[in-house]
Amino acid sequence: MGSLVSCLSDPCPSASPPPQAKRRSSTSSRGRGGGRDSAKATMAIDEEALAAAAALVLGQRGAVGAFERSASVRCAAKRQAQGPPLPRSCSTRPRSLADPELQPQQLLAKDLNTKDLETNIIVLVHGGGFGAWCWYKTISLLEDSGFKVNAIDLTGSGIHSYDTNKISSLSEYSEPLTSYLKGLGDAEKVILVGHDFGGACISYAMEMFPSKIAKAVFLCAAMLTNGHSALDMFQQQMDTNGTLQKAQEFVYSNGKDRPPTAINIDKALLRDLLFNQSPSKDVSLASVSMRPIPFAPVLEKLVLTAENYGSVRRFYVETTEDNAIPLPLQQSMCGTNPPEKVLRLKGADHAPFFSKPQALHKTLVEIATMPPVQAS
């Protein structure tokens with residue numbers, strides 16, 4: 001109680017002391033149980049004294065109305081004269097540039113009007129073993145910037161209930177994406193973002209629906225040429241880096257005498273292969289959410305034409321600390337099949353939506369705001 005009184009006391013030395021409260025008599029204190037009643041009376045007097053002191057201090061400071069419990073509010077005028085104000089409670093404190101939760105659009109897309117863009121619809125396509133869940137940071141940031149975002153669960157991925165081992169083709173695996181594009185209006189266009197093996201899926205979609213895709217973004221992804229499969233690309237990775245070969249575990253649901261039906265990633269090597277720069281909480285999320293990668297679509301060779309696939313603007317986003325698709329392999333694909341522009345996320349691993357979410361957001365906004373190519 002003494003500490004409460006000291007907090008309420010006015011530091012000004014000219015203030016007069018608070019008046020002493022009158023002690024009230026109580027006839028009940030004169031009989032049996034008087035000791036207890038006397039103690040209660042004493043506590044009541046102490047509380048009255050404290051209330052009187054508080055009222056006097058607030059009156060001397062010009063306070064009116066209800067008692068202000070927040071010290072930062074009560075002392076605001078005096079603090080302004082002395083220097084910078086005290087920080088407010090953590091729930092209302094303004095965010096700083098150093099705050100990791102700072103919304104990037106406050107810096108990068110503050111005045112962006114997405115309605116003025118060629119399209120403000122971004123479709124996120126996950127990589128092998130992942131699901132729509134992996135984009136949770138990217139979805140939030142893009143939506144806060146005014147974009148309409150759709151994250152697709154490919155067949156047998158994420159919360160899609162289909163058995164991964166029964167997927168027999170790339171068209172079957174990509175069906176949720178192609179169904180979404182098929183349902184778009186005639187004048188609607190989207191920006192496709194494909195990660196990892198999702199690059200093969202968006203390539204397949206570009207060949208089928210070129211008029212509905214304004215731009216295609218390959219995020220450390222398989223950007224293949226006509227007649228090649230994702231297995232061809234991953235074979236190059238195995239030739240340059242043994243991490244993938246050590247981490248992959250084949251699933252033979254049809255028997256060991258038949259081809260593999262799916263690929264699992266050894267959880268003990270998950271961080272080293274995919275998440276070497278990602279926060280631990282995101283690695284934990286992935287370890288309980290990832291599903292097997294269907295093997296048949298990885299084997300399938302793509303049929304891509306200049307008229308369809310080649311008519312869509314392509315962008316490649318490199319990740320410099322990638323152990324699954326190392327930077328030299330990414331650069332090799334860009335050299336063989338040059339996109340319109342190559343962008344780079346420094347310090348990003350194979351999951352930039354975890355390791356560099358704000359840098360990825362900035363890159364996607366940059367690509368989305370590039371104006372349409374003028375017809376010659």
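In what follows, residues are counted from 1 in the order of the sequence shown. Treat the numbers as computed from the prediction; the structure is a model and nothing was measured.
A pairwise comparison of heavy atoms in Pro292 and Ala262 identifies CB-CB, 3.8 Å as the closest pair. The nearest pair of heavy atoms linking Leu117 to Leu112 is CD2-CD1, 4.4 Å.
Phe315 places none of its side-chain heavy atoms less than 4.5 Å from the side chain of Thr363. With contacts defined as side-chain heavy-atom distances shorter than 4.5 Å, the pair Lys189/Phe209 does not qualify. With contacts defined as side-chain heavy-atom distances shorter than 4.5 Å, the pair Leu360/Lys137 does not qualify. Contact annotation: the side chain of Leu219 approaches that of Pro352 to within less than 4.5 Å [non-hydrogen atoms, C-beta and beyond].
Ring planes of Tyr316 and Phe218: parallel class, angle under 30° (limits at 30 and 60°). Relative ring orientation between His350 and His195 is described as tilted, the plane-to-plane angle lying within the 30° to 60° band.
Residue pairs meeting the ring-ring contact (aromatic ring centres under 6.0 Å, His included) criterion with at least one partner in residues 150-178, sequence neighbours excluded, are Tyr173-Phe197.
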Any chance you could lay out the side-chain contact (heavy atoms from CB on, under 4.5 Å) test for Val193 and Val123, step after step, and finish with the verdict? CA-CA 6 Å; Val193 181; Val123 179; over 6 Å; no

Under the side chain to side chain donor-acceptor pair (under 3.5 Å) criterion, do Asn337 and Thr225 qualify, and how do the steps go? CA-CA 7 Å; Asn337 188 19; Thr225 55; over 6 Å; no

side-chain contact (heavy atoms from CB on, under 4.5 Å) evaluation trace for Glu366 with Lys341: CA-CA 11 Å; Glu366 179 181 348; Lys341 187 173 183 178; 3.3 Å; yes

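In this structure a side-chain-to-backbone donor-acceptor pair under 3.5 Å is present from Ser284 to Ser280. Side-chain atoms of Asp196 come within 3.5 Å of backbone N or O of Gly128 as a donor-acceptor pair.
In this structure, the separation between CG on Asn276 and CG on Asp322 is 7.5 Å, given to the nearest 0.5 Å.
Within 6.0 Å of NZ in Lys148 there are 12 or fewer heavy atoms belonging to other residues, nucleotides or ligands. Within 6.0 Å of the NZ atom in Lys166, the count of heavy atoms belonging to other residues, nucleotides or ligands does not exceed 12.
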